[in-house]
Amino acid sequence: MVHKFKLNGLNIVLDSNSGGVHAVDDLIYDLLDNVEPPFDAECPQRVLEKLSKSYDEADIKECYNEIVELYNEKILFSEDDYEKYAKLKVASPIKAMCLNIAHDCNLRCEYCFAKTGDFGGGRKLMTFETGKKAIDFLLERSGDRQNLELDFFGGEPLMNFDVVKQIVEYARKREKEYGKNFRFTITTNGILLTDDKIDFINKEMSNVVLSIDGRKEVNDRMRKRCDGTGSYDQIIKNFKKLVSLRDKDKDWYVRGTYTKYNLDFAEDVMSLYNEGFDQISVEPVMADPKEPYAITEGDLPRIFKEYETLSKKMQELRDQGKFCNFFHFMIDLDQGPCAVKRLRGCGCGNDYVAVTPDGDIFPCHQFVGIDKFKMGNLDEGTFNNDIKEYFSQAHIYNKPECKKCWAKFYCSGGCNANNYNYAGDIHNAYKLSCQIQKKRLECAIMLKVIKMLEE
Amino acid sequence: MKHIRTVNKANLKQTAIKGGCGKCQASCQSACKTSCTVANQKCEKDK
């Protein structure tokens, strides 16, 4: 499958199945509309006749030969022969967990998918006993996986920080017995950050996700306290402090959500950058289309333009010798994930689960509260392998729209929860999200092409 | 080649054969909690 696009003055050709990325001239770009395997020894006469109105005949023949050469090298028009891998490695161990340590929150963000933090099930904090059971569950089900990931999530995890600390201590003790390595993440709104908490987080957490939406007015419109006032002034100073004290080799991101209210979100990315943050993720809100802040189909042209604007800003920073990493423009064309990983995406419900304060197990944080996807309970010692099996089969070859999409090895079938919530089934592509994803990928690939051509 | 410059060096096909070790991060554990992107994850097989 070949996908080609023009962006920022470049003609880019992606061979989806091999991951081959080619910068081409106009003639190759146009010729690719007219040729496909099986190839003849020489450029077909009908193609010469058609393109010779615009191009020199000798050049067309030369370009045809170059295309055939890449085809023979299997980096253009290459075959999709990965389906056999989708059928293997189905019964995966569980290696990652989203631990909903607090179903409560001290903010009232308008777009919250967790219904202001309690996921619709009442305000609760996880006990240490339940946390221990979650650690044991992960250790026991992790098979030969060495790296185990655990994300302290909520609600707002800092509202139950003593239990976070107890669980980390317990996991550190038990990982040695099992010969495993826990990698902790915490996702926080920053309101309750103190020096002590920052010290602990920077010591123990291999990744920190700091929620902030960008410009003060944008952040404070959505990320509000219970009394309706904005959170920006407090969190920005807390986040700056945390980042300034963090070891350089540890991961962190400031992570924002953009909505219909700030379709000029490149300004929010730049605002975060100008405040001193250079690891930035800003994503589209996922919401019921009836919500006034929801992104809808009509917003897409504006959003596409904004990603182009943002990619130019990232390029400008690079040209000035400055560093800024925008999460959704990260892409490694040479040493990214293997093809097997790319068949199933996040792995929710299969090698990744979420646990609530009640000890209920769900495929991920986004499925919490949807009864039909409840996989079990830690207190009861139950776990439904049928649901795990169902999610293990949710690979791109079982997703009809994904199967024929050029971006399938980059998004890997998208977010199953979004697919379920907005397209009715985990196997259905949520097209709004797909279109945004594809635009981001084009921008990411374009930036990579510029960098590599410079080198 | 005069008309084409191939910018990547690796071929996804070669990664399939010895892939699937599972050492890498679950993509949702990084900085995406709603919009899944896998291609920006790192391979950790030899680490």
Side-chain angles (χ1 to χ4, degrees), chain A residues 18-25 27-28 62-63 66 70 74-75 82 85 89 92 95-96 145-147 149 151 185 207 209 253 255 281 283-284 286 327-328 330-342 345-348 351-352 364 409-412 414-415 418 433 437 449 452-453, chain B:
Chain A
S18 68
V21 174
H22 314 283
V24 306
D25 64 13
L27 173 44
I28 294 275
E62 192 171 70
C63 285
E66 288 192 11
L70 292 191
K74 296 187 169 41
I75 48 174
Y82 302 107
Y85 298 106
K89 303 180 192 217
S92 171
K95 66 167 183 176
R145 298 292 191 256
Q146 275 209 309
N147 294 327
E149 289 150 39
D151 185 7
T185 295
N207 188 17
V209 180
Y253 286 94
R255 185 207 172 279
S281 173
E283 301 186 69
M286 293 293 147
F327 180 75
H328 286 290
M330 282 164 71
I331 197 162
D332 188 338
L333 299 177
D334 289 326
Q335 282 156 352
C338 64
V340 179
K341 160 94 168 177
R342 292 172 190 243
C346 68
C348 76
D351 58 19
Y352 167 51
C364 83
F409 297 119
Y410 294 84
C411 81
S412 304
C415 170
N418 284 340
S433 184
Q437 172 75 279
V449 169
M452 287 175 159
L453 290 178
Chain B
M1 285 196 187
K2 276 170 64 183
H3 305 271
I4 303 175
R5 285 188 68 183
T6 298
V7 296
N8 63 308
K9 296 171 191 80
N11 189 321
L12 196 53
K13 303 244 168 191
Q14 289 148 7
T15 70
I17 302 152
K18 290 184 181 173
C21 76
K23 283 187 182 170
C24 53
Q25 192 177 33
S27 54
C28 207
Q29 301 292 81
S30 45
C32 117
K33 292 306 255 187
T34 52
S35 59
C36 185
T37 307
V38 174
N40 61 9
Q41 302 289 304
K42 291 178 207 153
C43 173
E44 299 188 45
K45 188 174 172 67
D46 297 321
K47 285 188 183 169

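The distance from the NZ atom of B/Lys23 to the CZ atom of A/Arg145 is 10.5 Å, given to the nearest 0.5 Å. How far SG of A/Cys63 is from CE of B/Met1: 10.5 Å, rounded to the nearest 0.5 Å.
Here A/Ser18 is the residue among A/Gly20, A/Ser18, A/Gly347, A/Gly19 with the most heavy-atom pairs under 4.5 Å with chain B. Between chain A and the options B/Leu12, B/Thr6, B/Thr15, B/Asn11, the largest number of non-hydrogen pairs under 4.5 Å is found for B/Leu12. Of the listed residues A/Arg342, A/Glu66, A/Met452, A/Lys341, the one with more heavy-atom pairs under 4.5 angstrom with chain B than any other is A/Glu66. Interface remark: of the candidates A/Gly336, A/Cys364, A/Pro337, A/Pro337 forms the most heavy-atom pairs closer than 4.5 Å to chain B.
Closest approach of B/Cys24 and B/Lys42 over heavy atoms only: CB-O, 3.5 Å. Contact detail for A/Ala96 and B/Ala26: the closest heavy-atom pair is CB-CB, 3.7 Å.
Contact annotation for A/Ile28: only side-chain heavy atoms (C-beta onward) come within less than 4.5 Å of a heavy atom of chain B. Residue contact with chain B, scored on non-hydrogen atoms closer than 4.5 Å, involves the backbone and the side chain of A/Asp334 alike.
Heavy atoms of other residues, nucleotides or ligands lying less than 6.0 angstrom from NZ of A/Lys74 number 12 at most.
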